[in-house]
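What follows is one structure encoded as structure tokens, with my remarks underneath.
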Amino acid sequence: MTNDLQFSWELSGSGWATCLIKDGSSERKDIVSYCTDALADLLHGVAGLYGPMPVQRFSFDLEPAEVRWVLRGRGSEVDVAIYRFPDMFTSFDAPDQKGTLVWASTQPRSLLGHVVMEAAQSVVQVHGEDGYRAKWVQHSFPIAALQDLRRLHLQHDRCELQEQCSRPVDRPRVGHEGRTFPGDRLTGIE
């Protein structure tokens with residue numbers, strides 16, 4: 001696995017996340033709103049690449065803009081295209097080509113699955129499920145979607161970091177006073 005693709009998802013305030021994707025030649029950074037279940041949509045979209053539908057679409061609300069990700073599976077490769085629309089309320093059903101292509105890359109599905117899974121794991125490690133809910137406000141952490149992507153990635157990809165993918169990840173719960181509870185774990189394959 002090369003380190004050509006990097007992805008991060010960081011909660012950056014109450015109801016906001018910073019999403020960054022970059023490859024060896026370009027990057028795209030967006031500040032995503034909690035108006036949609038954006039992290040869950042991302043995880044479901046990437047997990048969908050392991051099923052019979054070769055194209056997966058999901059959108060992030062940037063208030064008011066829309067950023068639409070279009071993932072096109074081609075065997076073991078994925079064409080990633082990100083389109084920007086000026087207003088999500090008027091563009092949600094618009095064809096992809098009506099938006100402006102702001103980032104594109106072709107990557108191995110195994111690498112895309114791995115970096116997205118790793119970024120989501122990092123979010124739950126840092127914030128815990130309760131802390132995520134407190135910051136993201138409208139939606140709970142998408143634990144089932146993360147577990148599903150992990151299961152599919154391990155089952156279908158020859159991940160060079162398989163040991164890292166399948167080991168449990170600490171998942172601290174954060175109490176109302178900001179305390180974490182040691183021993184909480186996010187299990188690997190269910």
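Please read these numbers as outputs of a predicted model, since none were measured by experiment.
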Open item on the list: If I compare all heavy atoms of Q56 with all of G48, which pair ends up nearest, and what's the gap?
Closed with: NE2-O, 3.4 Å
Task: Test side chain to side chain contact (heavy atoms under 4.5 Å, CB included) applied to V46 and F7, step by step - done: CA-CA 13 Å; V46 174; F7 179 79; over 6 Å; no
TODO: Applying salt bridge (charged side-chain N to carboxylate O under 4.0 Å, His left out), name anything that partners R133, two or more places apart in sequence or on another chain.
DONE: none
Residues 13-26 side chain polar contacts: donor-acceptor under 3.5 Å, at least two apart:
residue, atom, partner, partner atom, Å
T18, OG1, S12, OG, 3.4
D23, OD1, S25, N, 2.9
D23, OD1, S25, OG, 3.3
D23, OD1, S26, N, 2.9
D23, OD2, S105, OG, 2.7
S26, OG, W103, NE1, 3.0

Open item on the list: Would a single hydrophobic cluster contain both F58 and V70, if residues Ile, Leu, Val, Met, Phe, Trp and Tyr are joined by side-chain heavy-atom contacts under 4.5 Å?
Closed with: no
Open item on the list: I'd like to check D79 versus L71 (side-chain heavy atoms, cut-off strictly below 4.5 Å). Are they in contact?
Closed with: no
Task: Contact summary for A120 and L146, nearest pair of heavy atoms - done: CB-CD1, 3.9 Å
- [ ] To the nearest 0.5 Å, tell me how far S140 OG sits from L39 CG.
- [x] 12.0 Å
- [ ] Rounded to the nearest 0.5 Å, what's the gap from CG on D148 to CG on L43? Could you check?
- [x] 9.5 Å
- [ ] Measure the CG-CG distance between L112 and L49 for me, rounded to the nearest 0.5 Å.
- [x] 6.5 Å
Task: Side-chain donor/acceptor of S122 to backbone N/O of E118, under 3.5 Å - done: no
TODO: Using a 4.5 Å cut-off on heavy atoms from C-beta on, say whether the side chain of V124 contacts that of Y132.
DONE: no
Open item on the list: What I'd like to find out is whether the side chain of F60 reaches to under 4.5 Å of the side chain of L42, using heavy atoms alone.
Closed with: yes
TODO: Check the pair Q121, R150 against side-chain hydrogen bond (donor to acceptor under 3.5 Å, both in side chains), reporting the backbone distance first and the verdict last.
DONE: CA-CA 10 Å; Q121 286 178 180; R150 180 185 297 106; 2.6 Å; yes
Open item on the list: For H114 and H153, take the angle between the two ring planes, folded into 0 to 90°, and tell me which bin it lands in: parallel under 30, tilted 30 to 60, perpendicular over 60.
Closed with: tilted
Task: Sidechain-backbone polar pair: T100 side chain, V102 backbone, donor-acceptor under 3.5 Å - done: no
Open item on the list: Taking the side chain as everything from C-beta on, heavy atoms only, tell me whether L11 gets closer than 4.5 Å to K135.
Closed with: yes
- [ ] If you link ILVMFWY side chains whenever their heavy atoms are less than 4.5 Å apart, which other residues fall into the same cluster as M88? By chain and number, please.
- [x] F92
- [ ] Could you please spell out the steps behind the side chain to side chain contact (heavy atoms under 4.5 Å, CB included) verdict for W69 and V80?
- [x] CA-CA 7 Å; W69 288 45; V80 180; 4.3 Å; yes
- [ ] Evaluate the ring planes of Y50 and H156, with Trp represented by its six-membered ring, and classify them as parallel (under 30°), tilted (30 to 60°) or perpendicular (over 60°).
- [x] tilted
- [ ] Kindly work out whether a path of hydrophobic side-chain contacts (I/L/V/M/F/W/Y, heavy atoms less than 4.5 Å apart) joins Y83 to V55.
- [x] yes
Open item on the list: I need the full list of salt bridge (charged side-chain N to carboxylate O under 4.0 Å, His left out) pairs touching residues 58-68, with sequence neighbours left out, sorted by first then second residue.
Closed with: E66-R68, R68-D96
Open item on the list: Using 0.5 Å steps for rounding, measure from the CG atom of D4 to the CG atom of L111.
Closed with: 7.5 Å
Open item on the list: Less than 4.5 Å apart, side chain to side chain, heavy atoms only: is that true for E10 and V123?
Closed with: no
Task: Contact summary for A47 and L152, nearest pair of heavy atoms - done: O-CD1, 3.6 Å
Open item on the list: Tell me which pairs pass salt bridge (charged side-chain N to carboxylate O under 4.0 Å, His left out) where either residue lies in residues 103-114, with sequence neighbours left out.
Closed with: R109-D157
TODO: Applying side-chain hydrogen bond (donor to acceptor under 3.5 Å, both in side chains), run through D37 and Q138 and close with a yes or a no.
DONE: CA-CA 8 Å; D37 198 358; Q138 301 248 13; over 6 Å; no
Task: CZ (F85) with more than 12 external heavy atoms under 6.0 Å - done: yes
Open item on the list: I need the minimum non-hydrogen distance between A119 and S8, along with the two atoms involved.
Closed with: CB-CA, 4.1 Å
Task: For D41, salt bridge (charged side-chain N to carboxylate O under 4.0 Å, His left out) partners two or more places apart - done: none
Task: hydrophobic_cluster_shared for V137 and V32, side chain cutoff 4.5 Å - done: yes
Task: T106 and R74, any side-chain heavy atoms less than 4.5 Å apart - done: yes
